[in-house]
Amino acid sequence: MEKIERTEAPGWLNEKWRQWGEEWAAKYAETRKSSSFQWRRNENKGHDDLVKKLSTMTQHHCSYCDASPMGPRIRCTIDHFKPKTRFPKDAYKWENLFLCCGLCQERYDAFDERLLKPDRDSYSFEKYFDIDWVTGELKPNRDASPEDQESAIITIKLFRLNDNGKPDDRREELEVFEKLETREIDKFSYRFFIKRGQI
Ligand SMILES: [Zn+2]
């Protein structure tokens with residue numbers, strides 16, 4: 001999970017997010033169905049504009065595992081960092097939205113206040129994480145405070161950063177990257193791994 005610099009909220013969203021959040025909260029209280037959620041439109045803009053803006057922030061990579069759309073298993077979705085069922089009023093809040101792959105999206109409404117948010121000022125990969133170069137797994141940084149290590153463990157668990165063959169995928173991606181002469185890192189998945197692992 002690499003640090004993300006968040007850009008300004010789109011004006012069309014800023015105008016409406018509070019109202020839409022209230023409306024969704026009321027609808028969810030009634031239906032209790034997360035599937036009844038819909039992206040909304042204002043000034044002719046909606047879901048596609050959000051995907052475009054969020055993609056620019058991550059160069060089209062998943063905000064959490066950094067899989068890229070060129071990778072084998074990515075499906076671009078918008079994730080609610082604070083799940084829309086548990087925090088319905090934040091469902092359209094710009095700071096709560098992240099580009100996310102299908103696998104990371106599978107945490108559904110799992111959330112913990114200690115979960116690391118990649119666009120937070122205080123976040124950096126090094127502060128919280130370390131890499132096991134033999135297995136390709138992420139580990140909490142042992143020099144971090146116990147609280148920070150706990151946050152790293154929770155983040156690895158909820159986003160399943162060491163599951164679904166991701167550790168092996170990262171090592172393979174690094175190997176392929178090192179064999180190429182033109183190394184355009186943004187075309188690769190797991191850039192945090194490649195950047196720190198390349199010879
Ligand atoms: Zn992902």
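Residues: numbered from 1 along the sequence shown. In each ligand, atom 1 is the first atom listed, and ligand 1 is the first ligand listed. Quick note: numbers below take in every heavy atom, side chains included, and nothing from hydrogens, waters or symmetry partners.
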Side-chain donor/acceptor pairs under 3.5 Å, residues 111-121, sequence neighbours excluded:
residue: D112; atom: OD1; partner: R114; partner atom: N; Å: 2.8
residue: D112; atom: OD1; partner: R114; partner atom: NE; Å: 3.0
residue: D112; atom: OD2; partner: R114; partner atom: NH2; Å: 2.9
residue: K117; atom: NZ; partner: E95; partner atom: O; Å: 2.8
residue: K117; atom: NZ; partner: D119; partner atom: OD1; Å: 3.0
residue: K117; atom: NZ; partner: D119; partner atom: OD2; Å: 3.3
residue: D119; atom: OD2; partner: R6; partner atom: NE; Å: 2.6
residue: D119; atom: OD2; partner: R6; partner atom: NH2; Å: 3.4

Apex the Zn ion (ligand 1) - arms SG from C62 and SG from C65 - angle rounded to 10°: 110°

ring-ring contact (aromatic ring centres under 6.0 Å, His included) partners of residues 145-166, not counting sequence neighbours, each pair once: Y64-F159

Under 3.5 Å donor-acceptor, S34 side chain and T85 backbone: no

N, O or S atom of C100 closer to the Zn ion (ligand 1) than 2.8 Å: no

Apex the Zn ion (ligand 1) - arms SG from C104 and SG from C101 - angle rounded to 10°: 110°

Cationic N near anionic O, under 4.0 Å, R191 to D66: yes

